[in-house]
**Q** 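Before I ask anything, here is the structure I am working with.
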Amino acid sequence: MNQIKSFIKKNHWLILISAIIIYIVIVFISLNIKYNNFEYRGMDLAIFNQVFYNSSQGNLFHFTIHPHSYLGDHFTPFLLLLLPLYSIFQSPLILLLLQTIIIALCTIPIYLLAKHSLNKTWALILSMLWLINPMAINMNFFEFHLLPFAIFLLLFTIYFYQKKNLPLFILFSLLSLSVREDVFLVILMFGVLALIQKRKIKWILLPIILSIAWFAMSQMIMKANNPGGSYKFIAYYNWLGGNSMLEIAKNYLTHPLAIIKHLFMVPNITMLVLLFIPFLFIPLLKPKYLLLSFLVYLQFALTKSGGGDLILKTHYVALFIPGIIASFILSIKLICSKNTVSTEVLNDDEERRWETNSKFIKILRDNKNLILIIIIISNIYLLFILSPLKIGKENKTVNINQINQKIKQELLEYIPKYESIVASYEFLPQLSTRAKLYSLNYAWQGYKQLSYSPYEIPKDIKYIYVNFDDVIGYDLQYIQKDEDKKYENSYLNWKKIFEEYNLSPLKIIDAYGIWKYDLDLSPQSHRKSGTGGIPSVEEDKTNIEKNNLLYEIIDTEDKNLKITNIENININNEITFLGWNQNRISEINELDNTEFQLMPISLYFKKNNDKIENNYQLQLNLNNLNSLNNEYNKIYPLTYGFYPTSKWKTNEIIKINYWFIVPSQFQKKETKCIINLVRLEGSLSLDKNLLIIKNYEKIEILKPDINIVW
């Protein structure tokens, strides 16, 4: 045991560097798996990668996902310092690696801060605690952002503030400010902290003047690069009215009770509690450095919806961390003090002796080793329950998920590296190393982010790579919360792209599809079928084998309508299920390297006389005939989102073609297929693995069931 203690004392830096390397290796391997499984669906990784790529090509800060300069979103000159490293590899993975490295390297300034206030052993312990902090892990796993770099720089800023090294304090303040415009909220509070600690006037005025000047400059630059001519995120704060910072500030000042009530909303209380849980609320013992986080707290608490646990799951927690860690270290110093009187250096000239006769502090001092053990155990526990660490047995959907990932990956190979493309959320990162990339969610909305300005897809687009499952997310995220009915007709934006942009389907498998620019596709060939100007089945059977229509609107007078399996099932007195046909599989539904089995089926529905107010979706349930329980189910968008049920016309017949992927447990077996129309209520949320998922609060199944034996 003595040899171990001796080794630790002599090799602090070796142990620390080894822990940093282990963290980087383990986490980056996990991030690679997440990336290859298409689990980056929050757009930020794709946005940053496209900004870095275009900047590396000489088009600084340009990107097309939100079509303007990134300087119109955030003022981030720090990006230019990382650009040489990115230019070597030009991949989203290098950004994830850089983020992992900088989060791991935060242990170094934490070590220096703790060593300054305590000793080397405590410095090693407290710095390594950072590597199992769930907030650090969550930041690492949620997309890519520049704010983690601010943590590293701000911790050094605090260190040089404590060491009273003004030149290095100013240098690291400037570097911190360069990461993003809202870092000024932290730097500004250094001036307030210096005032409370009665430091010299230069320590008070310099950070205040520097931060305000930087923020003013950043606002001018962002407004100049934003087509709307304003700070786009101001929309989060105008819940009391006002369209400018001055108007909003005036409304806040004239409605103090409303502001106080807002600050005590449940999401804001939740945010505060969760911030301190990994530190067992110990930073509250020495709270002065928490001042650095005060304006950051207001930044989130004063948004319309408040803070909430989302702050702790994402990069938004970054600017809270430096102040909390500084207070945490000083609180540990208080606990570890041998005497009941501790000395705190406040300025160059004086020391104030602070006596504490608190029984609570004495109890903490007497049990400091136990407290350390509790902190370590609680962080490990929180790491398992609040971070993306995956534990537990694999579930039944693993096999189908693996097939889906292989299909997605192989479909990517059909898209040339530098061609312009519009894509679904999950495909954006892999496609973002190119000059022109557009997002299907904004194409569907028809509006830019936080704006009423139109989001336009250029006519020279060459590919679409879509997961139609996104349509269900749009309904949950936008339509169900659309009081002004802003998105009621957004489906028409999709129809326009797929039907009028000279695109024809290249591959359609399950809910995945690739459309490719077709030079020979003339506008005159467009019909009311839903796949970009392809003739209907009845008009051109050769073409349908090649192009596979997704859906058709069929006239009730059409005498050529042939339904092999007639059902005539009434659903909710709104829709009649007429029956189904076994569909055909062609090369458009096949891949070269990935084996899978499809259930090709055509479903026929007829709109009854009643008005349909809801947008129904389709739920597929599969089970073996000898089993009473549904072993597999998945929800698909009805008509792939091109023609919502709320827009169906009376007596129309809607034919929808599906090519469902069949899980391996149902292959080569007689399978009972139960199809339901469902009405979904819910929202999008982040799960434990920091994946954006559909959170169904209610799934209303419309009876009777549609039973098909396959």
Side-chain angles (χ1 to χ4, degrees), residues 4-20 104-133 135-136 151-152 154-165 168-169 172 193 197 276 278-293 321-347 351-356 358 360-380:
I4 295 175
K5 288 181 179 180
S6 177
F7 176 81
I8 293 174
K9 286 182 178 180
K10 294 178 181 179
N11 296 279
H12 282 175
W13 281 106
L14 176 63
I15 295 170
L16 187 61
I17 298 302
S18 299
I20 289 172
L105 289 179
C106 286
T107 54
I108 292 176
I110 294 172
Y111 178 87
L112 295 175
L113 281 167
K115 180 184 170 186
H116 175 66
S117 296
L118 294 155
N119 56 46
K120 290 183 178 181
T121 302
W122 273 103
L124 181 64
I125 294 170
L126 296 184
S127 59
M128 291 184 67
L129 270 177
W130 169 250
L131 298 178
I132 58 171
N133 188 300
M135 294 188 292
I151 301 174
F152 177 80
L154 285 169
L155 285 169
F156 267 113
T157 306
I158 294 173
Y159 176 69
F160 290 117
Y161 175 86
Q162 291 185 354
K163 298 285 284 186
K164 297 187 174 68
N165 188 326
L168 287 178
F169 168 75
F172 276 89
L193 181 63
Q197 293 184 330
F276 291 103
F279 303 93
L280 294 185
F281 297 90
I282 288 175
L284 297 176
L285 296 175
K286 297 286 285 183
K288 282 185 181 177
Y289 278 87
L290 295 180
L291 280 171
L292 300 179
S293 305
I321 287 173
I324 293 176
I325 286 179
S327 287
F328 180 64
I329 291 171
L330 292 177
S331 298
I332 294 294
K333 176 185 177 182
L334 174 63
I335 293 172
C336 291
S337 175
K338 294 181 180 180
N339 302 316
T340 58
V341 179
S342 65
T343 301
E344 181 181 2
V345 178
L346 295 175
N347 53 43
E351 291 183 354
R352 184 177 67 185
R353 302 183 71 78
W354 176 57
E355 288 190 68
T356 172
S358 168
F360 178 67
I361 298 297
K362 291 179 180 178
I363 292 172
L364 293 178
R365 285 200 182 105
D366 293 339
N367 296 278
K368 60 185 179 183
N369 292 331
L370 177 61
I371 290 170
L372 176 62
I373 293 171
I374 293 173
I375 292 172
I376 294 172
I377 293 174
S378 64
N379 270 270
I380 294 173

**Q** Could you state the interatomic distance from CG (Leu280) to CG (Leu285), rounded to the nearest 0.5 Å?
**A** 11.0 Å

**Q** Would you indicate whether the side-chain heavy atoms of Pro322 and Leu292 approach each other to under 4.5 Å?
**A** no

**Q** Can you tell me how the ring of Tyr111 sits relative to the ring of His12, calling it parallel under 30°, perpendicular over 60° and tilted otherwise?
**A** perpendicular

**Q** What distance do Lys163 atom NZ and Leu168 atom CG have between them, rounded to the nearest 0.5 Å?
**A** 11.0 Å

**Q** Hey, does Ile325 have a side-chain heavy atom less than 4.5 Å from the side chain of Ile151?
**A** no

**Q** For a quick test of reading the model, state the closest non-hydrogen atom pair linking Ile375 to Pro278 and the distance between them.
**A** CG2-O, 4.4 Å

**Q** Set out, in order, the CA-CA distance, both residues' side-chain angles and the distance that settles side-chain contact (heavy atoms from CB on, under 4.5 Å) for Trp130 and Asn379, then state yes or no.
**A** CA-CA 9 Å; Trp130 169 250; Asn379 270 270; over 6 Å; no

**Q** Is there side-chain contact between Gln162 and Ile158, with at least one heavy-atom pair below 4.5 Å?
**A** yes

**Q** Set out, in order, the CA-CA distance, both residues' side-chain angles and the distance that settles side-chain contact (heavy atoms from CB on, under 4.5 Å) for Leu129 and Leu126, then state yes or no.
**A** CA-CA 5 Å; Leu129 270 177; Leu126 296 184; 4.0 Å; yes

**Q** How close do Pro109 and Leu155 get, counting heavy atoms only, and between which atoms?
**A** CB-CB, 3.6 Å

**Q** Is there a side-chain contact between Thr107 and Met128 in this structure, where contact means two heavy atoms from C-beta onward sitting under 4.5 Å apart?
**A** no

**Q** Closest heavy-atom contact between Pro283 and Ser327?
**A** O-CB, 3.7 Å

**Q** So how far is it from Ser127 OG to Ile329 CD1, rounded to the nearest 0.5 Å?
**A** 9.0 Å

**Q** Quick one: are Ile110 and Leu113 in side-chain contact, heavy atoms under 4.5 Å?
**A** no

**Q** Compare all side-chain heavy atoms of Ile321 with those of Asn133 and state whether any distance is below 4.5 angstrom.
**A** no

**Q** Closest approach of Ile324 and Phe276, non-hydrogen atoms and distance?
**A** CG1-CE2, 4.3 Å

**Q** Taking all non-hydrogen atoms of both residues into account, name the closest pair between Thr121 and Asn119 and its distance.
**A** N-OD1, 3.1 Å

**Q** Is Ser331 reaching over with its side chain to a backbone N or O of Lys286, donor-acceptor style, under 3.5 angstrom?
**A** yes

**Q** Please tell me if the side chains of Leu372 and Trp122 come closer than 4.5 Å, counting only heavy atoms from C-beta onward.
**A** yes

**Q** Please report the shortest heavy-atom distance between Gly323 and Ser293, naming the atom on each side.
**A** CA-OG, 4.0 Å

**Q** Would you call the rings of Phe160 and Phe156 parallel, tilted or perpendicular if under 30° counts as parallel and over 60° as perpendicular?
**A** parallel

**Q** Between atom OG1 of Thr157 and atom CG of Asn165, what is the distance when rounded to the nearest 0.5 Å?
**A** 11.5 Å

**Q** Does a side-chain heavy-atom distance below 4.5 Å link Leu284 with Leu290?
**A** yes

**Q** So Lys115 and Tyr159, side-chain contact (heavy atoms from CB on, under 4.5 Å) or not? Walk me through it.
**A** CA-CA 10 Å; Lys115 180 184 170 186; Tyr159 176 69; over 6 Å; no

**Q** So, does Ser117 use its side chain to make a donor-acceptor pair with the main chain of Ala114 at under 3.5 Å?
**A** no

